[in-house]
Amino acid sequence: MTAVGTIVWLASELMFFAGLFAMYFTIRSVAGDLWTSRTSHLEVGYAFGNTLILVISSIWCQLGVFKAEAGIASRTGKFYELAKWGMREWYVLAYLFGATFVSGQILEYSNMFGDGISLNSDAYGSMFYLTTGFHALHVTGGLIAFLMIIGRTFTSKKFTHHQATGAIVVSYYWHFVDVVWIALFATIYLLQ
Amino acid sequence: MKVESALFGVIGSFFAMMCLIYGFWSYWDEPVGTVGFALGAALCFMISFFCWWTGRKTDLRPDDNPEGEIDEIEGDYGFFSPYSWWPLYLGGAAALMFIGLAVGWWLVILAVPLVALASVGWVFEYFRGDDAI
């Protein structure tokens with residue numbers, strides 16, 4: 001029940017990002033030369049590395065989900081025995097990678113801002129910060145959800161079905177945000 | 001879940017076809033409608049796929065059986081909160097935060113801890129005290 005509700009909500013989130021993509025393409029089609037002069041400030045290689053970090057974070061998250069489905073909340077072996085890690089350890093790792101992505105995004109913003117591109121400088125600045133900014137807000141929301149899911153594993157001795165559902169649902173959200181970023185990366189950095 | 005999956009699949013296919021027709025008629029020159037139709041189709045296919053995927057893992061529900069009786073569906077539907085005050089706190093805190101976006105950033109900074117407190121309260125409600133499950 002929770003899972004179906006989450007998917008329906010994520011489908012509506014897709015339409016929210018559809019609006020952002022439509023905005024981007026519309027303004028790009030009427031802005032003319034502005035795009036060619038502004039997109040030269042983008043650092044595609046750096047953004048690609050950042051994208052890779054987010055995609056890898058999704059993999060750690062999925063490994064955590066497998067553990068949650070098996071009902072293993074925390075590691076059953078030593079810290080270096082990766083195979084015996086529980087959901088908590090994998091989610092902490094996914095959290096760290098996600099947090100690195102947002103930090104990298106902030107660094108990218110400071111570079112763009114240093115080049116004189118800001119939210120109110122021109123149409124390109126508005127579109128760049130709106131699309132990537134709303135995505136970064138979603139990632140931040142996901143990070144907070146990770147913290148809560150990790151925190152809940154400490155509250156009870158037994159890992160309940162209720163907790164596992166929460167963990168799985170957060171992973172749906174995380175994968176969704178990841179896929180949206182891949183589309184955004186392709187649009188903003190590759191297609192320009 | 002087969003009926004739900006097929007329903008959203010049909011609507012999704014409609015949007016996908018409309019996307020092609022719209023794109024063709026506008027010479028692929030008008031991005032808003034094309035992107036809107038394409039992602040509208042993706043919305044439907046996402047729900048359709050999830051219903052199909054869930055239906056594959058669960059047994060056929062009594063509502064899928066044309067010969068099914070009403071009493072076959074008795075039992076627990078899921079977990080529903082008996083009551084909770086946290087959504088009210090969270091709503092108030094979020095309202096304060098969004099007023100802050102319009103009025104001034106200082107109000108946002110004041111509201112953020114309240115939002116954090118209310119969301120933590122809501123998430124952890126059933127893991128402590130008398131209502132623990």
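Below, chains carry the letters A, B, ... as their sequence lines are ordered, and counting in each starts from 1. Note: hydrogens, waters and symmetry copies are ignored here, and every other heavy atom, side chains too, is used.
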Self-check item: Phe176(A) versus chain B, the contacting section by heavy-atom distance below 4.5 Å
Solution: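 Only the side chain of Phe176(A) comes within 4.5 Å of chain B.
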Practice problem: Measure distances from Tyr172(A) to the heavy atoms of chain B and classify the residue's part below 4.5 Å as side chain, backbone, both or neither. | Solution: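 Contact with chain B is through the side chain of Tyr172(A) alone.
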When you look at [atom1] of [X], are more than 12 heavy atoms from neighbouring residues, nucleotides or ligands closer to it than 6.0 Å?
| X | atom1 | answer |
| --- | --- | --- |
| Phe8(B) | CZ | no |
| Tyr46(A) | OH | yes |
| His161(A) | NE2 | no |
| Trp86(B) | CH2 | yes |
| Trp28(B) | CH2 | yes |
| Phe14(B) | CZ | no |
| Leu190(A) | CG | yes |
| Glu81(A) | CD | yes |

Quiz item: Hey, which of Ile47(B), Thr34(B), Thr54(B) has the most heavy atom pairs under 4.5 Å with chain A?
Solution: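 Going by pairs under 4.5 Å, I would pick Ile47(B).
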Quiz item: What is the distance from atom CG of Leu39(B) to atom CZ of Phe17(A), rounded to the nearest 0.5 Å?
Solution: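 Going from CG on Leu39(B) over to CZ on Phe17(A), the span is 11.0 Å.
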Practice problem: Only counting residues at least two apart or in another chain, list the ones meeting salt bridge (charged side-chain N to carboxylate O under 4.0 Å, His left out) with Glu69(B). | Solution: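 Glu69(B) satisfies salt bridge (charged side-chain N to carboxylate O under 4.0 Å, His left out) with no residue once adjacent residues are dropped.
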Practice problem: Over all heavy atoms of both residues, which pair between Leu14(A) and Ala42(B) is shortest? Give the atoms and the distance, please. | Solution: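 Taking every non-hydrogen atom into account, CD2-CB, 3.6 Å.
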Practice problem: Examine whether an atom of Ser119(B) lies under 4.5 Å from a heavy atom of chain A, and if so say whether it belongs to the side chain, the backbone or both; otherwise answer neither. | Solution: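 Both backbone and side chain.
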Quiz item: Contact part of Trp122(B) toward chain A, heavy-atom cut-off under 4.5 Å: side chain, backbone, both or neither?
Solution: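 Neither part.
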Quiz prompt | Test item: Val32(B) and Phe25(A) side chains (from C-beta on) under 4.5 Å apart, heavy atoms | solution =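 Heavy-atom side-chain distance check fails, nothing below 4.5 Å.
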Quiz item: Quick one: does Phe124(B)'s side chain get under 4.5 Å of Thr155(A)'s, heavy atoms only?
Solution: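 In short, these two side chains touch, coming nearer than 4.5 Å.
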Exercise. Tell me, out of Ala22(A), Gly19(A), Gly166(A), Ser29(A), who's got the most heavy-atom pairs with chain B below 4.5 Å.
Key: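 Maximum pair count with chain B is reached by Ala22(A).
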Quiz item: Under a single-linkage definition using a 4.5 Å side-chain heavy-atom cutoff for Ile, Leu, Val, Met, Phe, Trp and Tyr, are Val170(A) and Phe154(A) assigned to the same hydrophobic cluster?
Solution: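 Yes, same cluster.
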Quiz item: Is Val8(A) reachable from Trp53(B) through a run of hydrophobic residues whose side-chain heavy atoms are each under 4.5 Å from the next?
Solution: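 Same cluster.
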Practice problem: Identify the residues of residues 119-153 of chain A whose heavy atoms come closer than 4.5 Å to a heavy atom of chain B, ordered by number, or report 'none'. | Solution: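 Answer by number: Met148(A), Gly151(A), Arg152(A).
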